[in-house]
Participant: 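Just passing along the structure, written as structure tokens.
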Amino acid sequence: MKIKLKYTEPQSNQDWELIIRPVDAAGLQEENDATAAGQKEDPLSVPAIRQAVQALASKGLLKSGQPGQTMPLLGLHPAGSAAFIGLSSGTLDADDIRRLGALASKEVRASRASAARLLVTAQLYGGTSGCTTAQAGQALAEGILLGAYDRTKTTGAPKEQASAELAVHLPDGVDADLRKQWEAGVQRGIVMAEAVAEARDLVHLPANELIPEALAEHAERLAAEYGLDCEVIDEWSAHEQGMGGLLAVGKGSQHQPRMIVLHYEGDPGSEEKWGLVGKGVTFDTGGYSLKRIAGMEDMIMDMGGAAAVLGAMRIIAIEKPKVNVVAVIPAAENMISDRAFKPGDVVTMMNGMTVEIVNTDAEGRIVLADGLTTAIRRGATKLVDVATLTGAVVAAYGDITSGIMGNDDELLSGLQEASKRSGERVWPLPAYPEYRKQLDSEAADLKNKGGSYAAASIAGMFIGAFAEEKPWLHIDIAGTAWISRARGWETKGATGVMTRTLAELLLRG
């Protein structure tokens, strides 16, 4: 079921099939008293429903401090059904509100309602120490739309998908300035969620459809729609520019690699420019260092970094912050053939450094290295790369948090703050010189893989070797870009992780 979110004023004559209301059981009496006094048209303030909720609370069926518990009530309102979603009586943060939104979507699905109404209470819109009014509106919209996401299935006979409309509004009597802040937040949340949905759709495409050239065409369409400049470097131009890393990884496939570059200028007078680099390996067999058969079909997600960067650029183009950005996506397939690169090869990279290939399944860092050089040559003054890079980060952090590392404390701190705003967790990886030393090679300037231990840190430090001492940050999303079961506002499969975090980072400069 597709859910369309809209913002409305209260309409007593609307034929609502489902009414959803967040409830803090501890403050239920006070809230309903206020509702009865100031919001007489609120259909959930009628005595029958109030008494029903209080009865549930008295029996322990709806408890404060247990956010996420839902309780449907049938036949107590002309709408046909009402659903109460429990909230913590403590301070709500943006993640609490996103979870509420995702649960609201779940209730709409479960009821099969085509028209539902979510009543926003003062606990949500009033602003707290954990969340401002605008942030609350944004978080709620994100939670509703991200929680409602459906993976599009490729079928021989496509069926029309059922749709529903979920109306969200504030009650009467809310201060005009507060209402304006809330509405602005909701609109930004819609922009954020739609970009994540597009990133998820891109990752879910089968690899026989999303070849490097197709990823480049998607970027071109995105640029045309949102007014970005786009350049696509084909294999011939890549050879002329010395992109030995990208070409080495991609030459084993009949689908030739592409270096995709998007430009956004929001502050033409500034020499500062963000460089976002997203790994775009559209399928990864591991090459001659072949991956295990089990789970290889999920390697369609190995371009999750590229999807996140493209999603972030869509948000940037819409929100128009006062920053300059160059987004770079090295796109390639890592395949096996008589042309494929091999362990023992030495590759000359775009910046002139040489790399000994000791493992062809450590290909992401190679294409990202040329991606960083591409961004630098186009004026990037600070760099952020995002990639489904290592199994080691999955072993360390599971699918709960992405690993980060870098050479600039201010940049690291900025990303951590952005991740708190987006609800996408990050945690630092150590970056000690001893890890970098493991990349020393007897055959070249460095090799593309060190030992088996601390492999996530070593992989990140390989990429950092190409940052040319500019402020640089690396995000490893190998564990968080694809999950095996839904949780909160993240659905099973592609999560679109880091789309919103990158956008939050750049929106605040």
Side-chain angles (χ1 to χ4, degrees), residues 2-7 94 98 101 132-149 168 180-203 215-231 260-268 270 272-278 304-329 384 386 414-415 417-419 421-424 489 494-509:
K2 291 183 179 180
I3 296 178
K4 180 182 179 181
L5 176 64
K6 74 173 186 176
Y7 182 87
R98 283 190 195 94
T132 67
T133 294
Q135 289 169 342
Q138 177 180 334
L140 185 62
E142 289 173 353
I144 289 170
L145 294 177
L146 294 177
Y149 175 83
V168 177
K180 186 176 180 180
Q181 293 175 43
W182 173 267
E183 292 173 355
V186 169
Q187 289 306 314
R188 175 168 283 189
I190 292 172
V191 170
M192 291 279 193
E194 288 178 346
V196 173
E198 185 170 303
R200 289 175 177 178
D201 286 343
L202 201 57
V203 176
L215 184 58
E217 290 170 353
H218 175 88
E220 289 176 322
R221 289 192 297 271
L222 178 73
E225 183 174 358
Y226 293 103
L228 301 170
D229 291 329
C230 181
E231 55 177 316
I260 305 161
V261 185
L262 295 172
H263 300 267
Y264 168 82
E265 279 200 27
D267 191 10
S270 173
E272 292 293 311
K273 181 179 288 188
W274 288 90
L276 302 184
V277 184
V309 167
L310 289 170
M313 289 301 288
R314 170 177 164 157
I315 296 168
I316 295 303
I318 294 172
E319 295 292 321
K320 295 181 171 49
K322 194 176 180 181
V323 294
N324 301 317
V325 189
V326 55
V328 179
I329 296 167
V384 182
V386 55
L415 185 86
E417 286 300 315
S419 78
R421 293 192 295 271
S422 70
E424 297 177 332
W489 58 87
T495 62
V497 72
M498 289 300 120
T499 297
R500 291 181 299 112
T501 298
L502 291 175
E504 290 282 4
L505 178 65
L506 270 64
L507 287 172
R508 298 182 188 239

Participant: Once side chain to side chain contact (heavy atoms under 4.5 Å, CB included) is applied, do any residues pair with Asp267, and if so which ones, sequence neighbours excluded?
Facilitator: Ser270, Lys322, Asn324
Participant: To the nearest 0.5 Å, what is the distance between CG on Leu507 and CD1 on Ile315?
Facilitator: 7.5 Å
Participant: Testing the 3.5 Å rule here: is there a donor-acceptor pair between the side chains of Glu424 and Thr501?
Facilitator: yes
Participant: What residues form a side chain to side chain contact (heavy atoms under 4.5 Å, CB included) with Ala317, not counting sequence neighbours?
Facilitator: Tyr226, Leu228
Participant: Between His218 and Leu202, is the side chain to side chain contact (heavy atoms under 4.5 Å, CB included) condition met? List the steps.
Facilitator: CA-CA 9 Å; His218 175 88; Leu202 201 57; 3.9 Å; yes
Participant: Do you know which two heavy atoms are closest between Gly311 and Thr499, and how far apart they sit?
Facilitator: C-CG2, 3.6 Å
Participant: Nearest 0.5 Å, what's the CE-CZ distance between Met192 and Arg500?
Facilitator: 7.5 Å
Participant: What is the minimum heavy-atom distance between Leu146 and Arg200, and which atoms define it?
Facilitator: O-NH1, 3.2 Å
Participant: Rounded to the nearest 0.5 Å, what separation is found between the CG atom of Leu215 and the CG atom of Leu310?
Facilitator: 6.0 Å
Participant: Could you tell me whether Arg508 and Glu504 make a salt bridge, using a distance below 4.0 angstrom between a side-chain N and a carboxylate O?
Facilitator: yes
Participant: Run Leu140 and Val186 through side chain to side chain contact (heavy atoms under 4.5 Å, CB included) and show every step you take.
Facilitator: CA-CA 7 Å; Leu140 185 62; Val186 169; 6.0 Å; no
Participant: Please report the shortest heavy-atom distance between Ala219 and Ile260, naming the atom on each side.
Facilitator: CB-CG2, 3.5 Å
Participant: Is there a side-chain contact between Val191 and Glu319, using heavy atoms and a 4.5 Å cut-off?
Facilitator: yes
Participant: When you look at Tyr149 and Val196, which way does the side chain to side chain contact (heavy atoms under 4.5 Å, CB included) test go after all the steps?
Facilitator: CA-CA 10 Å; Tyr149 175 83; Val196 173; over 6 Å; no
Participant: How close do Met313 and Leu276 get, counting heavy atoms only, and between which atoms?
Facilitator: SD-CD1, 4.5 Å
Participant: Using every non-hydrogen atom in the two residues, find where Ser419 and Ser422 come nearest and quote the distance to one decimal.
Facilitator: O-OG, 3.2 Å
Participant: Begin from the C-alpha positions of Val326 and Val261 and carry the test side chain to side chain contact (heavy atoms under 4.5 Å, CB included) through to its verdict.
Facilitator: CA-CA 7 Å; Val326 55; Val261 185; 3.6 Å; yes
Participant: Please confirm whether the backbone N or O of Gln138 pairs with a side-chain atom of Arg188, one donor and one acceptor, at under 3.5 Å?
Facilitator: no
Participant: Roughly how far, to the nearest 0.5 Å, is the CD atom of Glu231 from the CG atom of Leu262?
Facilitator: 9.0 Å
Participant: Would you mind checking if Arg314 and Glu225 are paired as a salt bridge, meaning a charged N to carboxylate O distance below 4.0 Å?
Facilitator: no
Participant: What are the two closest non-hydrogen atoms of Trp274 and Val384, and how far apart are they?
Facilitator: CZ3-CG2, 3.9 Å
Participant: To the nearest 0.5 angstrom, please state how far the CG atom of Leu505 sits from the CZ atom of Arg421.
Facilitator: 7.5 Å
